[in-house]
Number of protein chains: 2
Amino acid sequence: MVPDDDGAFAPTTEDAPSSSGFLDDGKNTIGSQLASRLREAIISGELQAGSKINLEKARKTFNVSLSPLREGLARLISDGLVEFEDNRGYRVSAISLANLEEITTLREEFEVFALRESMRLGDVEWEGNVMRALHRLNRTERDAARPETLERWEELHREFHLTLISGCGKPILLHFCRLLLNLNDRYRRVFLTRTSGDRNVSQEHSEIAQGAVARDMDYSCDMLRQHIHRTGTNLRDHLATKGIS
Amino acid sequence: MVPDDDGAFAPTTEDAPSSSGFLDDGKNTIGSQLASRLREAIISGELQAGSKINLEKARKTFNVSLSPLREGLARLISDGLVEFEDNRGYRVSAISLANLEEITTLREEFEVFALRESMRLGDVEWEGNVMRALHRLNRTERDAARPETLERWEELHREFHLTLISGCGKPILLHFCRLLLNLNDRYRRVFLTRTSGDRNVSQEHSEIAQGAVARDMDYSCDMLRQHIHRTGTNLRDHLATKGIS
DNA sequence: CCTTGACAGATAATCGATTATTTGGATAGT
DNA sequence: ACTATCCAAATAATCGATTATCTGTCAAGG
C-alpha cells in the first residue's frame with residue numbers, strides 16, 4: 001500500500017491515443033485475451049444479446065479455467081456489454097429500442113460536448129491525427145459481401161470518432177464516449193451491414209473533420225450531431241423491421 | 001448461451017430506485033462484500049489514493065482468498081476507483097487537481113442534463129422521492145467531531161443527488177452520474193470535513209429540489225450547476241492547501 | 001563509470017478441486 | 001386444481017496450490 005503516481009482514469013493500456021491508434025496492443029494475460037475475444041463475439045452478434053453466459057460451457061468453448069474467464073467477463077461489465085448478478089452469473093446485455101435511443105441521445109449530448117472541447121483545447125498533433133483517421137477511413141472500402149472489410153471498416157470508424165474527441169483532455173469523458181461507441185457499434189454490426197442509400201457517410205465524416213480542424217465549432221458540432229442522429233434513426237428503423245421494441 | 005430477457009444497464013441490483021433508496025441491500029457473495037468494504041476504504045481515504053494494492057497483503061487483511069478479492073477489485077474498476085494493468089496488479093486511482101476539475105465539469109454537464117430530463121419525464125412518485133430525500137438530508141446533522149454522522153450525511157447526500165436525477169429514465173446516464181458522484185465523494189470525504197462558512201448547503205439543496213418538483217427547469221438546473229461548481233471550487237482550494245496539483 | 005545480463009525474491013495469473021447457492025421438478029397437503 | 005415443501009441436478013463461488021511474470025540487485029564486460 002505504498003503511494004506512487006498516476007491519475008484516475010489516466011491513459012492506461014487501452015486509453016493511450018498513441019501514434020498507431022486506440023486498438024489494444026499488449027494482450028498479455030489469458031484474461032485480457034478472453035476479454036478481447038468475448039468483446040468481439042458480443043459486438044459482432046455471435047453471442048446473442050440478452051443470452052445467459054454459462055460459465056462451464058464458455059470454459060470449454062475457450063478452453064480456459066474459470067479464473068481468467070471471470071476476469072475477462074469482469075472487463076466487459078465495465079464496457080457495458082455484459083451484466084452480472086450475484087449467484088446468477090453473467091449475461092450479455094440485452095438490446096432494445098429504448099436502449100438504442102438512450103445511446104443515441106447520450107452520444108449526441110456527450111460526444112458533441114467532447115468534440116467542442118477538443119476544438120477548444122486540441123493541438124496541432126490532434127488535428128493531424130484527425131486528418132489521418134479520416135483519410136484511412138475514407139480510403140477503406142466496405143463490402144457487405146466480404147465480412148473482413150466490414151470489420152476493418154468498423155475498426156477505423158471507431159478510431160475516427162475517438163480521434164475526433166481525443167483532444168478534449170478529459171480522460172473520464174473519453175472513457176464514457178468509448179463505452180457508448182462500444183454499445184452503439186454492436187447495434188450497427190448486427191443490424192446494419194451497409195449504409196442506407198440516401199446517405200453519403202464518407203462526406204459526413206469529411207465535413208465533421210474539416211470543420212473540426214478549422215475550429216468551426218458550431219458547424220462541426222452540428223454536423224456530428226446530425227451524423228449521430230441519422231445513424232440512430234437508421235438503426236431504429238432496422239430494429240423495428242426485425243420486431244424489436 | 002440461451003437467449004432470455006432484460007435490458008442493457010437496466011436497473012439491476014444496485015440501480016433500482018426502489019422505495020428505500022439506492023444503497024445496496026443484498027451483499028451476498030464474498031466478492032460483493034469485499035467490493036463494498038473496499039469502496040468504503042477508498043472513498044474514506046483509508047486506502048491512500050494512488051497506492052498499489054498488494055494482493056497478498058489484502059488477502060490477509062480481509063482474510064479471504066484471491067478469487068473473491070479480484071472479483072471485488074474488478075467491480076471497483078467499473079466504479080473508477082481502482083485501476084488495473086496486466087501483470088502489474090491493481091492500484092487505487094490517484095487524485096489530482098486535473099481529475100477533480102474534470103469530475104466537476106462533467107457533473108455540471110451530465111448531472112444537470114439528467115436533472116432536466118427528470119423534470120421533463122419524472123412522475124409524481126419521483127417528486128415524492130425527491131422531497132423525501134431532501135427532508136431526510138436536511139434533518140440530518142453533520143458534526144465533524146463525530147465521524148459516524150459524517151458517514152450518514154454523505155450517504156443521504158449521495159442519495160439526494162441520485163434521487164434528483166432518478167426520474168430521467170436513462171439507466172446509462174444514471175450509471176455515469178453515480179460513477180462521478182463516487183469519485184467526487186472521495187474528494188469531499190478526504191478533504192472536506194465541514195462546509196465552508198459562507199455556504200448554506202441545506203438551503204442550496206432545498207432550492208434545487210423545490211425548483212425541480214415545480215418543474216422550473218432553468219431555475220433548478222442553474223441552482224444545481226452552481227451547487228456543483230461551488231463544491232468544486234471549495235475542494236480545489238483545499239487541495240491547493242495540501243499541495244496537491 | 002556505465003551498460004547489459006542473469007539471478008532470486010516478490011508478486012500476479014492460472015488451474016483443478018471443493019463448497020455453496022439456485023432452479024426446476026416431483027410430491028404431499030389443502 | 002392449487003400451493004407449499006423438499007430434493008437433486010445444474011450452476012456459481014471459493015479455496016489452496018501451482019505456474020508464469022516481473023522487479024530489483026549484483027556481477028561481468030565494455
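Side chains included, hydrogens not; waters and symmetry mates left out as well; all remaining heavy atoms used. Reminder, nothing fancy here: chain letters follow the sequence lines and each chain counts from 1. Since the structure is predicted, the reported quantities are computational estimates derived from the model, not experimental observations.
Straight-line distance from the CG atom of A/N28 to the C1' atom of D/dT21: 10 Å, rounded to whole Å. The distance from atom CD1 of A/I53 to atom P of D/dA12 is 10 Å, rounded to the nearest whole Å. For the pair A/F84 CZ and D/dA12 C1', the computed distance is 8 Å after rounding to whole Å. Between A/L73 atom CG and C/dT14 atom P there is a gap of 13 Å when expressed in whole angstrom units. Computed from coordinates, the B/E71 CD to C/dT21 P distance equals 15 Å when rounded to whole Å. Distance CZ (A/R91) to C1' (C/dT22): 14 Å, rounded to an integer number of Å. Taking atom OH of residue A/Y90 and atom C1' of nucleotide D/dA12, one finds them 9 Å apart after rounding to whole Å. For B/L69 and D/dC15, the CG to C1' distance is 13 Å, given to the nearest whole Å.
Picking from D/dG16, D/dA12, C/dC15 the nucleotide with the shortest atom distance to the side chain of A/N54 gives D/dA12. The A/K52 side chain lies nearest to D/dT11 when the options are D/dT11, C/dC15, C/dA12. Each of C/dC15, D/dC15, C/dT11 was ranked by its minimum atom distance to the side chain of B/P68; first place goes to D/dC15. Checked against D/dA12, D/dC22, C/dT14, the side chain of A/S67 finds its nearest nucleotide in C/dT14. Looking at the side chain of A/R88, the nearest of the listed nucleotides D/dC15, C/dT23, C/dT11 is C/dT23. Distances from the side chain of A/N87 to the nucleotides C/dC15, C/dT22, D/dC22 place C/dT22 closest.
Residue A/E71 holds its CD atom at 10.0 Å from CG of A/L34, rounded to the nearest 0.5 Å.
Residues forming a side-chain contact (heavy atoms from CB on, under 4.5 Å) with A/L97 (at least two apart in sequence, or on another chain): A/E101, A/R236, A/L239. Contacts of B/H238 classified as ring-ring contact (aromatic ring centres under 6.0 Å, His included), with partners at least two apart in sequence or in another chain: none.
A donor-acceptor contact shorter than 3.5 Å links the side chain of A/K52 to the backbone of A/R88.
B/F113 is listed as a side-chain neighbour of A/E109, based on a closest heavy-atom distance under 4.5 Å.
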